[in-house]
Amino acid sequence: MGRKSILQSERSRLLLLSLVVGLLCGFAAVVLKLSIRWIHGGLSSLASLTHGWPYLVYPGIGMLLSFIILKYLIKDNVGHGVTRVLVAISKNESRIKKHNMFSSLVTSALTIGFGGSVGAEAPIVYTGAAIGSNLGRTAGLSYRGMTVLLGCGAAGAVAGIFNAPLAGVLFTMEILLFSMSMSALLPLLISTLSATMVSYICLGMKTQFTCALAAFNPWNVPFYIVLGVIGGLVSVYFLRTTLHLEDRFGRMKNKFLRWAICAAALGLLIWLFPPLYGEGYEELTPLLTGVTPSFAGRTVLSGLTAKTWGLPVFFGVILLLKVFAMTFTNAGGGVGGTFGPTLFVGALTGYVMATSLNLLSPGLLPVANFTLVGMAGLMAGVMQAPMTAIFLIAEISGGYQLLIPLLVTSAVSYGMTRLFEKYSIYTKRIAASGELLTHDSDQAVLTLLKTDSLVEKDFIPVQIDAPLRALVEAVSNSSRNLFPVVDSNGRFQGYVPLENIRRDMFNSSLYDTRHVYNYMYSAAEYVYEGESMESVMRKFERTREWNLPVVKPDRTYVGFVSKSKIFNAYRKELQGISEE
């Protein structure tokens with residue numbers, strides 16, 4: 001069967017498999033939503049009988065349960081779901097462990113149900129991607145086919161959790177499958193539509209957020225631009241603070257001590273600022289419907305919220321602290337993502353700005369509109385996915401009437417964030433390792449190429465102190481014109497080009513008086529096993545060599561990698577992408 005016939009057969013299977021993946025992801029999203037709702041409802045009933053003090057300890061209990069399950073039952077880390085999906089695509093041939101089809105779902109339900117201040121979206125994306133990856137592996141799909149099916153799982157998960165099929169497709173195209181061809185669009189659509197239908201059937205057709213929006217006023221566009229600028233700056237704060245805090249907590253070796261510190265800190269924050277409890281979406285309903293929220297009896301700071309500037313100050317502090325609450329939850333053993341907190345912080349950004357300006361000039365801005373548009377601004381900045389932000393917010397709110405403000409704020413926030421941060425919160429760390437697929441076709445192909453698969457090992461090595469006679473014998477037994485030089489322990493010392501010995505190889509009187517080291521060159525650079533192809537190509541550019549030695553960390557000789565073989569592999573990989 002020819003290459004085109006194989007591709008056509010796989011495409012046909014992908015259409016059917018994408019439907020199955022979409023149905024499974026829709027069901028998984030429904031299970032996660034209902035689980036969080038059930039746990040949260042049960043705990044709320046108990047707290048109401050005990051004057052609310054359990055809210056101080058609930059989040060810590062959920063984090064501890066998740067931590068124990070992962071440490072002693074799953075024995076793996078499932079945090080940072082979207083980042084792990086990206087790593088699986090670019091480094092692990094789109095293979096995700098089987099337990100991720102349920103482990104992220106179970107642990108995130110416990111974490112968020114008990115009040116962990118994180119989102120359910122990243123765990124369900126990891127769950128959906130794992131479903132697609134493992135179904136593709138079972139069906140015997142190629143790497144590209146399995147990658148598309150993995151993307152279908154992620155897209156279906158987003159569509160199912162939000163009832164937003166278009167946003168699911170855009171999320172996968174903008175954040176996950178950077179080098180995806182247009183032929184993958186149909187499987188993605190099938191997956192998101194089927195997942196959304198499952199969610200509609202099980203949970204109804206209502207939108208994620210209830211909104212009371214005012215008609216779009218073109219004269220407010222300058223304020224939406226300002227919101228974009230502020231959103232970009234808040235995005236940079238959100239991204240950098242999150243990564244900094246994660247690094248600090250990551251250096252703590254005692255994980256139980258880390259849990260205790262994070263549980264206590266999170267409990268205190270929630271006691272002072274109740275909107276930090278759980279995802280916080282229900283706290284946004286008053287802001288999106290024009291109702292003034294009341295915190296009487298809910299916090300010791302309720303007196304502050306009753307003052308003129310009390311609410312914008314109160315929510316402004318929560319805006320800054322949400323990053324800490326989110327990091328405490330994840331660092332303490334909980335499982336959740338940044339997707340939900342990004343939307344929450346974005347809503348508060350829009351609310352605080354609009355409310356503050358209205359206090360200075362009553363009736364100036366529609367607060368609900370700016371609250372909603374702020375979500376898109378933060379999402380465009382933190383995730384660097386403006387199209388996903390625009391259409392997700394429009395879909396989950398029914399707010400297509402605000403399409404122009406969504407476009408303006410998202411574009412400005414994205415541009416402002418890019419001035420300070422080249423990568424999103426999902427990609428910053430893995431980009432530093434050179435393992436991130438990007439929208440640049442050349443970069444994507446180089447990332448897909450694996451150095452170890454291109455190493456040539458048919459060179460005959462010679463000992464550094466061997467006589468010329470041994471080198472001539474190696475020449476007679478080799479079809480290559482390059483001879484690696486090693487010491488008695490097999491460590492690479494240099495190489496001998498054939499032209500270096502061409503004059504002396506026919507002079508037998510020199511066979512025992514001249515030695516390999518007399519003809520040897522040192523290598524300009526070493527390539528190490530497992531090194532990224534991007535790094536290898538930089539070494540070729542620096543040295544202007546056509547062959548570089550490949551060694552282990554202790555410099556044990558492995559083989560050579562040639563620029564010509566890389567170019568041939570590059571052309572084949574690029575051709576494969578274009579044929580999809």
Side-chain angles (χ1 to χ4, degrees), residues 80 82-83 86 117-119 121-122 125 167 170-171 174-176 223-247 276 279-281 284 287 312 315-327 330 336-354 356 370-394 396 402 405-432 436 438-439:
H80 298 292
V82 177
T83 300
L86 285 166
S117 195
V118 287
E121 296 79 15
V125 166
L170 291 172
F171 172 84
E174 274 194 299
I175 297 177
L176 298 181
F223 295 104
Y224 287 114
I225 294 174
V226 174
L227 178 58
V229 173
I230 296 173
L233 295 175
V234 175
S235 296
V236 174
Y237 162 79
F238 188 103
L239 192 155
R240 291 185 176 179
T241 304
T242 299
L243 297 181
H244 174 71
L245 290 173
E246 287 180 352
D247 288 340
L276 293 174
E279 293 175 292
Y281 289 160
L284 301 181
L287 313 186
F315 280 113
V317 174
I318 293 174
L319 181 158
L320 298 175
L321 292 178
K322 182 66 175 181
V323 180
F324 290 83
M326 177 187 70
T327 308
N330 285 325
T338 60
F339 204 118
T342 299
L343 296 179
F344 181 81
V345 171
L348 296 191
T349 302
Y351 173 81
V352 170
M353 173 188 159
S356 300
F370 277 77
T371 301
L372 184 68
V373 174
M375 292 185 188
L378 256 289
M379 189 174 176
V382 173
M383 302 181 186
Q384 300 201 2
M387 296 302 295
T388 303
I390 292 164
F391 287 97
L392 174 66
I393 301 307
I396 65 178
L402 296 181
L406 289 171
L407 285 164
V408 170
T409 300
S410 296
V412 173
S413 177
Y414 173 72
M416 176 63 67
T417 306
R418 292 281 291 186
L419 291 176
F420 300 95
E421 292 290 344
K422 182 179 179 181
Y423 298 104
S424 73
I425 196 167
Y426 298 133
T427 61
K428 186 170 182 178
R429 281 205 173 102
I430 56 177
L436 174 67
T438 72
H439 289 288

message: Quick one, T417 with V382, criterion side-chain contact (heavy atoms from CB on, under 4.5 Å). Give me CA distance, side-chain angles, the key distance, then yes/no.
response: CA-CA 8 Å; T417 306; V382 173; over 6 Å; no

field: Trace of the side-chain contact (heavy atoms from CB on, under 4.5 Å) decision for Y281 with L343
entry: CA-CA 9 Å; Y281 289 160; L343 296 179; 3.7 Å; yes

message: If I compare all heavy atoms of M416 with all of G232, which pair ends up nearest, and what's the gap?
response: CG-CA, 3.8 Å

- request: For S413 and S410, run side-chain hydrogen bond (donor to acceptor under 3.5 Å, both in side chains): C-alpha distance rounded to whole Å, both residues' side-chain angles, the deciding distance at 0.1 Å, then the answer.
  value: CA-CA 5 Å; S413 177; S410 296; over 6 Å; no

- request: Rounded to the nearest 0.5 Å, what's the gap from CE on M375 to OG1 on T342? Could you check?
  value: 11.5 Å

message: Please tell me whether F370 and Y351 form a close aromatic pair, meaning their ring centres lie under 6.0 Å apart.
response: no

message: I'd like to check E421 versus Q384 (side-chain heavy atoms, cut-off strictly below 4.5 Å). Are they in contact?
response: yes

task: Could you walk me through whether F315 and L287 pass side-chain contact (heavy atoms from CB on, under 4.5 Å), step by step?
output: CA-CA 11 Å; F315 280 113; L287 313 186; 4.2 Å; yes

- request: State which residues pass side chain to side chain donor-acceptor pair (under 3.5 Å) with S117; sequence neighbours excluded, sorted by chain then number.
  value: K322

Minimum heavy-atom distance A389-A376, with the two atoms named: CB-O, 3.4 Å

- prompt: Going by heavy atoms in the side chains, are F324 and L276 under 4.5 Å from each other?
  reply: no

message: My understanding is that only residues two or more places apart in sequence, or in another chain, count here; which of them pass side chain to side chain donor-acceptor pair (under 3.5 Å) with E279?
response: none

- request: Indicate the atoms forming the closest heavy-atom contact of P386 with Y414, along with that distance.
  value: CD-CD1, 3.9 Å

query: Looking only at heavy atoms, which two atoms of F339 and A122 are closest? And how far apart?
result: CB-N, 4.5 Å

field: Value rounded to 0.5 Å, distance of CE in M353 from OH in Y224
entry: 9.0 Å

message: As an exercise, state the distance from CG of L392 to CE of M387, rounded to the nearest 0.5 Å.
response: 12.5 Å

query: Heavy-atom distance under 4.5 Å between the side chains of F420 and L239, does that happen here?
result: no

query: Which heavy atom in L402 sits nearest to a heavy atom in V373, and how many Å separate them?
result: CD1-CG2, 4.3 Å

- prompt: CE of M383 to OG1 of T388: how many Å apart, nearest 0.5 Å?
  reply: 9.0 Å

field: Heavy-atom side-chain proximity of Y237 to L320 below 4.5 angstrom
entry: yes

- request: Test Y426 against T338 for side-chain contact (heavy atoms from CB on, under 4.5 Å), laying out the working first.
  value: CA-CA 9 Å; Y426 298 133; T338 60; 3.6 Å; yes

Atom of S235, atom of G381 and distance for their closest heavy-atom approach: OG-CA, 3.5 Å

- prompt: Can you tell me how far the OG1 atom of T409 sits from the CG atom of L227, to the nearest 0.5 Å?
  reply: 4.5 Å

- request: Kindly write out the residues that satisfy side chain to side chain donor-acceptor pair (under 3.5 Å) with T349, not counting sequence neighbours, or none if the list is empty.
  value: none

- prompt: Could you give the distance from OG1 (T427) to CD1 (I175), rounded to the nearest 0.5 Å?
  reply: 9.0 Å

